[in-house]
Each structure stands twice: as structure tokens, then as C-alpha cells.
Amino acid sequence: MQPRFLIFLVCFLAAAGCKKAFLEQEPYSSSIAYTQYFKTLDQCNTSTQVCYRYINYTSWWETLNVRYLSGEAASDNAWIGNTYQATHATYDAVAHYTLDASNDRIEGHWIMLYKSVGVFNATIEGIQGAPIPDADKQRFIAELKFLRAWAYFDLVRNWGGVPLVLKIYPPEEHVARSTAREVYDQMVKDLTDAAAILPRKSEYPANYRFRATKGAALTLLTKFYLYMEEWAKAQTSAEQVIALGDYDLETSFSTLWQYNYKNGIESIFEIQNANSQVPDLPYYYFLTVVNSVADGGWGYYSLSSDLENAYKSEGDSIRLQWTINRHQLPVAGDPATPKFDGRALTQSKSGRFSRKHYIPKGQRPANNRFAVNDKILRFADLLLMHAEACAMQQKSADALGSYRRVRTRVGLNTDMTLTGWNLIRAVRKERRLEMAFEGDRLYDIRRWKDENGKPTIQNLFGPQGTFVKYNTEQSTDPWETGNRLEPQNKGFFFDPAKHMLWPIPNSQIISSEGVIKQNPNYF
């Protein structure tokens, strides 16, 4: 689907009962023209609330699924993992860097992101012309700009420069790709505008905690600055979030991964889910996708022994047990599972699965709709972004302050004499340990440059990559080395002249009549 079609994709919920929480709304219509709908404050509020459904999550397999396929399985953190089925060739192609421009996983992700952008744009235009108080109008638009910026964040870090669609275009008009810098600059402007208008988290009533806040806009802005390598600006925006006083680390890392944890002190932005919600949101399906087949799951995205080794090298037992469920070892926080079953050797590449996405057996609802919120932005992430921005400016004391806060929570000591590249490497490793399997790993190793000037991913992948050599020459892990149904040389085919970005889907190039151009070296 090309951006020019998106004006027809707006979907709203009933104005009746619009003061209820977002997840309690009833379906209204799938084809209401925005010019006929935005007449009252309640309608504008309801339409804005509905847009939260479209922050990458209109289809689990095309968006949420790809977030972990790309963000984790295409990195050194995870494998595709499912080796008992032979029907996931396009998944394997992404993780092993053998994909082409017809890959349906990548295509689906592009389509659904632009569908979301279309919904956000149409809603913005509808609200702009609505006869409602200006303060409400500006707040709704600020929320929508935040949501649109999140969608474009995923677009630009996956494909580079993309069509920058900020309004409704006539169906016959094709939109060419903007440069990556133009996309970043526009989203920085949108987030800066949004942060100036949005309320703080503490200013929202409890039933509005799903909505974008000043802190969320500033945190996402910090991410944009890191990707742009504008370290001083990233430091400033991160410190603005810290200064708000709305956020802090949970006392225990385990608290974040309790089944009923929602919108706590560490939460900056979460996708809300409930086990009886209407309409369905697909996150509860995904919790089945990533669990062991022996426990009713599908066995995808099994975590790597390389990641487990990273925890062990730091003596990080707390985050290890709350990040990875390991075969025949107890599941943290689930006394009903004294020994986790990672399934038979031929059915899982590594026998390791995400504890962050695991539901204790005694807390699983009968309808299998797992009411776990998806944590998009949290305070530990913000602290590590602050540490990185400071380390890259050689502001060691500032970097170490945030770095130490994250480590202290899990009982790890901090070498307060770290400087230069030793500090940069330490912060990057800490980010891997803290944020593993939350969807960011691939994008971090793509954007980071190592001391030799090469992107981190180039030093990990390719025929001489350290991750490839570990798996093919050094690893003695019985699961990974014993199960070659998924090739052991994952990352061998990585080409830095090609795979720093994903291919633009061929279908989108064709439907644009060639206006959209392909990324280098894809066919």
C-alpha cells in the first residue's frame, strides 16, 4: 500500500460513551469521512483515543511481530528459533540477511506503518477544522504528532529516507522519498511542538495514563537526537525528562515484568492491553508467538547463548533470570514452573525464551487474552540514553551518574574511573543487558560506530564478524550447535553496502510508478 491511498483508512469508535477508557470503546464505523465526523469535543477526543490503536499495532504479524523479527532476531540477541516448522522462510531471510525486495515481512511492516500515518494525518486534519476550544484542539494534535513521530521513527530507522507524508494527498499524487535527515528534522519539530503542549504524566487522571505526555515526547525526541548523533541536544532533552520528576526506576527490576504491572513510576509510554477489550489489540497474540512450544507457544525468537554469556560476564544474575527462560531451569516469579521446558532439541534453536513476555501459569486468563502492556519507553532507557549522550561528549561524570543508577538496581558495582572508549563500551553493553528483547538491539548496533570507525553491526556480522565466529568456531552450547535446522552461521551473509537498511518493498515501487526509489543493492 502506497501513502497516497491512506486517506481512506480512518477508523473511529462510537461517540456514545466516549468518556470511557479507550479500551472499553465499542466499534462505530470503518469508513466515516473526516469532514462529516469532527463536529464535537467528544468526537475529537474519541477519534484521538482510537489513534493509539494504530501505533504500529493494527496487525500483530505485520508490525509487532516484525518489531522483534527485525529488532532482535536480526541482531546478536536472538534466532528465529522455531525449527519444527518449515513455513517461515521469509522470517529466516530477514534474520540471516538473505532477503530481497519481495520479502513479505518487510512489506507488511511498511504497509501497516503508512496505514497508521494515514490515520494520524486524517485525524489531525479533521480536528484542525473542528469547532472546539483551541486548548483541546492543540492537545489532541500534539498527541497525534507524537504518534506519527513514533511511526516515522520506525520507518526511518528501517528504510532510511522515506516518503514524508504530513497531509492528505489526492489519490493520483505519488510522494517521493525525502532524505533521512529531512524525516528526522520534521519529527524533531513535531516532537518539540508536542512537548511544549502536552501535559505531564502527573497531570493526567489515572484513566488517561495511556495518552502521550510531555515526558514521552521529550524521551522520543532524545532517541531521535541519538540517531542523528546530536549528543548535546540528546543530553539536554534527556535532562529535561529527568527534571520533570515524574519518573524513577522501580526498586526491583522484576517489578517491570510482573503480569499486572501497568503505567508505574518507570513507565514513560505504554501500549495498553486488557483481556476483555473491544476492539481486539494484537499484543496478546504475540505472547503466544514467543513462548516455548512445550508451553503452548509457537517457539519464535529464541534468545542466543551469546546474550546469556553477556549477562554472565557481568555477574548479572537478576536481569538474566528476568530476561531469559532457560531449558530445565526455574522460571523467575513462577513457582508453578520449577523447570522450564524449552522443547526438544530439534524443535528450538536455543531452548531460551523471553521471560519479559512470559505469563506465570497461575495468572493466565481462560480466554488467553494476555493483558500485558507493551512497554515502549521507560525511564531506564532514558537514563542510558543520557549516559550515552554524555559519554560521546567525554562528559564522564555525567555519564557515570546515569549508568550507575541503572546498574545499582540490579546489584552491580560500577567502575567510576571509566573514561573514553572504555566508558562508551560499558554504556553500550549496559544498554544491551537492560533493554534486551524490547525491540531496539538491531537499531543500536546499526547506528553505533566502534573505535575502528566501522558500524558495530559490521564488526559483529559478515564472514569475519565476531558473532559469526563465536557461533561457528567457538560456541559449545549444546542447543545451538546441536540444532543446525536453523543455520549456525547467522549473520554470515551480512553486507554493509546493502544491509544497513531494509529494502523498499517492490510492490510500493511499482504502485508509485517508479517515483519511490529502491535502497542500494536490492533488486
Side-chain angles (χ1 to χ4, degrees), residues 56 60-83 88-110 112-113 153-160 227 286 289-290 298-307 310 323 349-350 352-354 357 428 431-432 435-448 454-463 465-472 480 486-505 519-522:
N56 293 13
W60 70 266
W61 74 270
E62 291 171 319
T63 50
L64 181 58
N65 193 13
V66 174
R67 177 179 167 197
Y68 291 91
L69 168 61
S70 180
E72 300 294 339
S75 80
D76 51 349
N77 274 0
W79 305 84
I80 291 298
N82 174 328
T83 56
H88 46 72
T90 54
Y91 288 73
D92 294 344
V94 174
H96 289 260
Y97 292 92
T98 59
L99 77 165
D100 58 28
S102 65
N103 186 277
D104 62 353
R105 306 298 105 170
I106 298 301
E107 178 188 43
H109 197 41
W110 170 287
M112 300 308 287
L113 285 169
F153 179 55
D154 221 8
L155 284 162
V156 73
R157 67 180 180 169
N158 276 296
W159 289 282
Y227 278 66
F286 185 71
V289 174
V290 298
W298 296 359
Y300 282 96
Y301 311 144
S302 57
L303 285 75
S304 68
S305 65
D306 184 79
L307 176 61
T323 302
K349 177 62 178 176
S350 78
R352 298 171 178 86
F353 295 89
S354 173
H357 297 83
R428 290 177 177 181
R431 182 166 181 81
R432 185 186 190 191
M435 303 301 298
F437 223 69
E438 296 182 45
D440 272 352
R441 178 61 177 174
L442 172 68
Y443 309 109
D444 284 339
I445 62 177
R446 275 181 176 174
R447 68 182 177 85
W448 288 335
K454 296 180 181 179
T456 298
I457 192 172
Q458 189 174 347
N459 291 316
L460 289 169
F461 289 165
T466 56
F467 179 71
V468 176
K469 284 185 170 293
Y470 162 74
N471 285 311
T472 56
E480 293 173 347
E486 181 172 350
Q488 189 71 3
N489 65 345
K490 188 170 89 74
F492 180 89
F493 296 102
F494 173 82
D495 179 355
K498 181 177 184 180
H499 294 126
M500 296 299 291
L501 297 169
W502 296 134
I504 305 293
N519 277 327
N521 300 312
Y522 284 107

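The analysis underlying the following values was restricted to heavy atoms, covering all of them including side chains, and did not include hydrogens, waters or symmetry mates. A quick note: this is a predicted structure, and the numbers were derived from the prediction, not measured.
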Approximate separation, where rounding is to 0.5 Å, of L442 CG and N77 CG: 10.0 Å
If the condition is salt bridge (charged side-chain N to carboxylate O under 4.0 Å, His left out), which residues does E72 pass it with, not counting sequence neighbours? none
Between the side chain of D92 and the main-chain N/O of E486, is any donor-acceptor distance below 3.5 Å? no
T456 side, atom OG1; R447 side, atom CZ - distance, nearest 0.5 Å: 9.0 Å
Are the aromatic ring centres of H499 and F461 under 6.0 angstrom apart? no
I'd like to check F153 versus N158 (side-chain heavy atoms, cut-off strictly below 4.5 Å). Are they in contact? no
Begin from the C-alpha positions of V289 and W298 and carry the test side-chain contact (heavy atoms from CB on, under 4.5 Å) through to its verdict. CA-CA 5 Å; V289 174; W298 296 359; 3.6 Å; yes
Heavy-atom distance under 4.5 Å between the side chains of W159 and P505, does that happen here? yes
For I106 versus P503, what's the shortest heavy-atom pair and its separation? CG2-O, 3.7 Å
OG1-CG distance between T466 and D76, expressed to the nearest 0.5 angstrom: 8.0 Å
If the condition is ring pair (Phe, Tyr, Trp, His ring centres under 6.0 Å), which residues does Y522 pass it with, not counting sequence neighbours? none
Ring-ring centroid check W79 Y300, cutoff 6.0 Å: no
I need the K490 NZ to N471 CG distance, nearest 0.5 Å. 8.0 Å
Those residues that, when tested against H96, pass ring pair (Phe, Tyr, Trp, His ring centres under 6.0 Å) (two or more places apart): none
Has N521 got a side-chain atom pairing as donor or acceptor with A497's backbone, closer than 3.5 angstrom? yes
Under a 3.5 Å distance rule, please check whether R441 uses its side chain to pair with a backbone N or O of A74 as donor and acceptor. no
Shortest non-hydrogen contact between D104 and T90, atoms and distance: OD1-OG1, 2.8 Å
Taking C-beta and beyond as the side chain, do I457 and M500 meet within less than 4.5 Å on heavy atoms? yes
Please name the pair of heavy atoms, one in D444 and one in R431, separated by the smallest distance, quoted to 0.1 Å. OD2-NE, 2.8 Å
Check whether any side-chain heavy atom of L303 lies under 4.5 Å from a side-chain heavy atom of S354, and answer yes or no. yes
Between H357 and F437, what is the ring plane arrangement, given parallel below 30°, perpendicular above 60°, and tilted in between? perpendicular
For T323, all residues meeting side-chain hydrogen bond (donor to acceptor under 3.5 Å, both in side chains), sequence neighbours excluded: Y311
Taking the six-membered ring for Trp, are Y301 and Y91 parallel (under 30°), tilted (30 to 60°) or perpendicular (over 60°)? tilted
Give the minimum heavy-atom separation between L99 and K498, together with the two atoms involved. O-NZ, 4.3 Å
Identify the two heavy atoms, one from A73 and one from A95, that lie closest to each other, and give their separation to 0.1 Å. O-CB, 3.4 Å
Partner residues of F493 under the ring pair (Phe, Tyr, Trp, His ring centres under 6.0 Å) criterion, sequence neighbours left out: none
Would the distance check show the side chain of R105 and the main-chain N or O of A93 forming a donor-acceptor pair, the cut-off being under 3.5 Å? no
For Y443, the ring pair (Phe, Tyr, Trp, His ring centres under 6.0 Å) test, sequence neighbours excluded, returns none
OG on S102 to CD on E107, rounded to 0.5 Å: 8.5 Å
What is the distance from atom CH2 of W502 to atom OH of Y97, rounded to the nearest 0.5 Å? 4.5 Å
Output yes when D440 and R157 qualify as a salt bridge under the 4.0 Å nitrogen-oxygen rule, no when they do not. yes
Kindly determine whether Y68 and V290 satisfy side-chain contact (heavy atoms from CB on, under 4.5 Å), including the steps that lead there. CA-CA 10 Å; Y68 291 91; V290 298; 5.7 Å; no
Considering only heavy atoms from C-beta outward, does the side chain of H109 approach that of D154 to under 4.5 Å? yes
Spell out, as yes or no, whether a donor-acceptor pair under 3.5 Å connects the side chain of W448 to the backbone of P455. no
Can you give me the closest heavy-atom contact between F353 and G299, atom names plus distance? CE2-CA, 3.7 Å
